[in-house]
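I have placed the structure first, in the form of structure tokens, so that the comments after it can refer back to it.
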Amino acid sequence: MAVTLSSGFRIPAIGLGLWRVEKQEMRDLIINSIKIGYRHFDCAADYLNEAEVGKALAEALQTRLVKREELFITTKLWNSDHGHVAEACKDSLKKLQLDYLDLYLIHFPIATKHTGVGKSSSALDDEGVLEIDTTITLETTWRAMEDLVSMGLVRSIGISNYDIFLTRDCLAYSKVKPAVNQIETHPYFQRDSLVKFCQKHGICVTAHTPLGGAAANAEWFGSVSCLEDPVLKGLAEKYKKTVAQVVLRWGIQRNTVVIPKSSKVERLKENFQVFDFELAEEDVALIKSIDRANRIRETARLHYAIEQWISGTTNRKYNAIVRPDLRAFAFSRTERTRLRRSVGLIRDAVIAGTDIAVFLERPLRRNKLAQQHSDIYLEKWLMP
């Protein structure tokens, strides 16, 4: 099963993510995966294992375990190489021992100080703050990505970890439209609006972390795995499948591409066996109801609120963010609670801003905050 990209090429609906795969495990993982049926492998310069992937792929090709045209290989441009796109792409190709990439993605929408092609370290200043390169725009990076297509180095290009605003901008300035947006999405962080926005504009969504992070992310980030959700467990029992298989099948039925990660042969087989059943519409709706808007690696409330508002499906109240450790607040038109009543602080201890882009209502007049002035007044929207 595959999805046709806007570039005309087809991407397998399920792939294998290679993040955090140990170098010594890579050869057996790739060979075993190909034998199981995997043809789609998701790499990145930042994973620091492209060379090991390349050795394994070379062996698979030389032994005729698989043909190159049967494979779909993705890798990604690291943040510090935005000003060196062609060089970075060629470096990845050399390590992967390939003549072309099936898909090349901008890993994150940020350019940082260049630290050398092939190096994924992030430059920090004397105070330990990330050195962001403010001379390189995302449009400039995209133009260089488009050149890779003309040069025959890549077949399709795309973006990764882009929200609606950045995706919309990319559509506006691109000559070659992004074929893919790879984002985090799973039952606890469904991002239905962003998914639908991309699909409406011909961008295939690839779901990284499609199982919600599972045990590894629970250990690393303290996140709650959706694989323990009672609703999903009930559906797994109903379909006589594992919870992971139900979640992956749900992702595929959303017309997204899923790239789960595992190094265990049994789990690799399990994750690939998702094409012999289909979730009923009522069960898809049931999974929709368990969305928690929880991103595994960072708070997602604000971006989620934007996505929901744009699609007209907002069903939660994101009028104000109030945390005990903060003294800065943004209020929307519908937030009627006065500052002095809700915060209990003297005026000089509070920064009150209105019309901030991530909050969703129309402009405030200062008297609605019961204040003589706003400390910050910002341009509201990031898009026309």
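- Rounding to the nearest 0.5 Å gives a distance of 9.0 Å between CH2 of W142 and CG of L171.
- Using a 4.5 Å cut-off between side-chain heavy atoms of Ile, Leu, Val, Met, Phe, Trp and Tyr, L48 forms no hydrophobic cluster with any other residue.
- Under the 30°/60° scheme for interplanar angles, the aromatic rings of Y47 and W19 are found to be tilted.
- In summary, D192 and R254 engage in a salt bridge, as defined by a charged side-chain N under 4.0 Å from a carboxylate O.
- Residues satisfying the side chain to side chain contact (heavy atoms under 4.5 Å, CB included) criterion with A2, sequence neighbours excluded, are R10.
- No donor-acceptor pair closer than 3.5 Å links the side chain of T115 to the backbone N or O of S122.
- Every side chain to side chain contact (heavy atoms under 4.5 Å, CB included) that V243 has, sequence neighbours left out, goes to L227, L232, K233, A236, V247.
- Residues satisfying the ring-ring contact (aromatic ring centres under 6.0 Å, His included) test with H40, not counting sequence neighbours, are F72.
- Evaluation of the side chain to side chain contact (heavy atoms under 4.5 Å, CB included) rule for T63 yields E59, L65 as partners, not counting sequence neighbours.
- Annotation for L130: hydrophobic cluster partners, listed by chain and number, are W78, F108, I110, L124, I132 (ILVMFWY side-chain heavy atoms under 4.5 Å, direct or chained).
- The list of salt bridge (charged side-chain N to carboxylate O under 4.0 Å, His left out) pairs with a residue in residues 37-53, not counting sequence neighbours, reads D42-K76.
- For the salt bridge (charged side-chain N to carboxylate O under 4.0 Å, His left out) condition, the pairs that include at least one residue of residues 235-249, sequence neighbours left out, are K238-D283, K241-D276.
- Hydrophobic side-chain contacts under 4.5 Å tie I136 to no other Ile, Leu, Val, Met, Phe, Trp or Tyr residue.
- For H114 (side chain) and S80 (main-chain N/O), a donor-acceptor pair under 3.5 Å exists by modelled atom type.
- A distance of 9.0 Å separates OG1 in T206 from CD1 in I183, rounded to the nearest 0.5 Å.
- F41 is listed as a side-chain neighbour of S33, based on a closest heavy-atom distance under 4.5 Å.
- Contact check for V180 versus I159: no side-chain heavy atoms found under the 4.5 Å cut-off.
- H82 places no side-chain N or O within donor-acceptor distance of the main-chain N or O of T141, the cut-off being under 3.5 Å.
- Listed by first and then second residue, the salt bridge (charged side-chain N to carboxylate O under 4.0 Å, His left out) pairs that reach into residues 123-133 come to none, sequence neighbours excluded.
- Sorted by first and then second residue, the pairs that involve residues 95-113 and meet salt bridge (charged side-chain N to carboxylate O under 4.0 Å, His left out), not counting sequence neighbours, are R68-D102, D91-K95.
- Two residues are said to be in side-chain contact when any heavy atoms from C-beta on lie closer than 4.5 Å; I157 and L103 fail this criterion.
- At least one donor-acceptor pair closer than 3.5 Å links the side chain of H186 to the backbone N or O of Y188.
- Scanning for salt bridge (charged side-chain N to carboxylate O under 4.0 Å, His left out) contacts around E139 gives R143, with sequence neighbours left out.
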